[in-house]
Amino acid sequence: MSICLIHTGGTIGMARTSRGFAPKAGIVEDAVAKLRANGEQREEVEILRLDPLIDSANAGFTDWNRIAAAIEERHERVEAFVITHGTDTMSYTAAALCFALEGLNKPVILTGAMSPIGQQGSDGLRNLSDALDSSLVSGPGVWVQFGGKKLHGARLRKSHSSAFDAFESPIEPRAPLIRAPWLTRTAYGAPEIAALSMAPGVSPKVIASVLEQCEGVVLRAYGSGTVPESKTLRRALIEARDRGVPVIAVSQCAEGGIALGTYAAGAMLVDADVVDGRDMTVEAAYAKLAHAMSYGQDFASRRARLAQPLCGEATFPA
Ligand code: ASP
């Protein structure tokens with residue numbers, strides 16, 4: 001069995017510098033060698049370092065494409081993939097890989113650490129070892145192995161900024177992948193998209209001007225899908241739809257999700273053909289929006305892709 005470890009950066013492979021922790025080449029490579037020397041890792045591990053290593057705060061569509069392309073190139077030859085990645089945007093990358101790799105037929109396990117692997121008491125070696133083990137026994141799909149838990153790649157949320165048990169995902173029966181007879185990669189373009197959050201007193205004019213400049217938007221609505229009943233906001237959403245700008249709404253609540261149409265205060269979202277993001281995380285909705293922008297060429301096909309269940313990213317009615 002052969003495993004390909006794709007190292008992208010993140011705390012797991014960082015060292016202290018005068019400006020704070022930053023990625024350093026060789027740390028993750030040495031950790032894999034240590035696991036092999038200890039007999040904790042017996043399988044062949046090919047390590048691919050995606051230079052420059054980054055803090056995942058710097059990740060963008062190009063980084064998602066580089067990881068997905070590296071998987072695509074080795075998909076036939078390698079049995080499993082482990083990706084070492086920063087935790088700050090791991091939820092976005094995991095979801096982005098689910099959407100980009102239609103027909104994925106191998107386990108892809110993302111992991112990282114809250115403390116650099118070389119630091120006393122770090123969680124890095126355990127997470128790395130768990131991820132390598134998990135890659136041998138998991139089914140195809142994008143999973144995250146972290147803090148002793150295996151989590152669904154399209155449902156992931158970083159819920160703690162310092163605890164070792166930093167991630168959560170709800171139980172999801174569908175595997176984190178889009179089923180297809182063979183692998184097809186949809187590359188991310190460079191869409192001008194944004195995630196906008198509603199807040200009491202937020203200026204509808206500001207929201208409207210952002211909507212005017214965007215090609216697609218994730219709207220973080222309240223509760224089960226309400227927004228302030230402002231004429232300016234309503235007009236901006238209708239105009240965005242008429243310009244072909246897809247908008248997907250998700251809830252600011254961590255659980256439960258939205259159900260558009262429940263309240264009159266959310267009626268403008270229905271009127272403006274905003275997609276009901278249900279209980280999708282904002283991270284998954286953002287990645288799905290970026291994916292839909294490349295997948296479809298016009299408003300109808302992009303909106304349809306956004307509304308379609310793909311890889312267990314949300315709870316859709318049966
Ligand atoms: N800032 C780091 C990153 O996301 C945090 C981490 O890896 O835990 O790259």
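Nothing fancy with the numbering, it's 1 onward along the sequence. Each ligand, and each atom within it, is numbered from 1 in the order the structure gives. Model, not experiment: these values are computed from the prediction.
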Subject >> Presence of salt bridge, Asp279 and Arg155, under 4.0 angstrom >> reply: yes

Subject >> Carboxylate-amine/guanidinium contact Glu46 Arg77, below 4.0 Å >> reply: yes

Original post:
Side chains of Thr62 and Asn65: is there a donor and an acceptor less than 3.5 Å apart?
Top reply: no

**OP:** Ignoring hydrogens and angles, state whether a donor on the side chain of Lys158 or Ser91 is under 3.5 Å from an acceptor on the partner side chain.
**Re:** no

What protein heavy atom is closest to [atom], reported as residue, atom name and distance in Å?
| atom | value |
| --- | --- |
| atom 5 (C) of ligand 1 | Thr11 OG1, 3.2 Å |
| atom 8 (O) of ligand 1 | Thr87 OG1, 2.5 Å |
| atom 4 (O) of ligand 1 | Ser56 OG, 2.5 Å |

**OP:** Decide whether an N or O pair under 3.5 Å exists between Asp55 and ligand 1.
**Re:** yes

Subject >> ligand 1 N/O within reach of Asp88 N/O, cut-off under 3.5 Å >> reply: yes

Subject >> Gly10: numbered ligand 1 atoms lying under 4.0 Å from its heavy atoms >> reply: 7 (O), 9 (O)

Subject >> Atom NZ of Lys205 with >12 non-hydrogen neighbours under 6.0 angstrom >> reply: no

Original post:
Is there a heavy atom in Ala113 that sits closer than 4.0 Å to ligand 1?
Top reply: yes

Original post:
Any idea how His291 and Tyr295 line up, ring-wise: parallel (<30°), tilted (30 to 60°), or perpendicular (>60°)?
Top reply: tilted

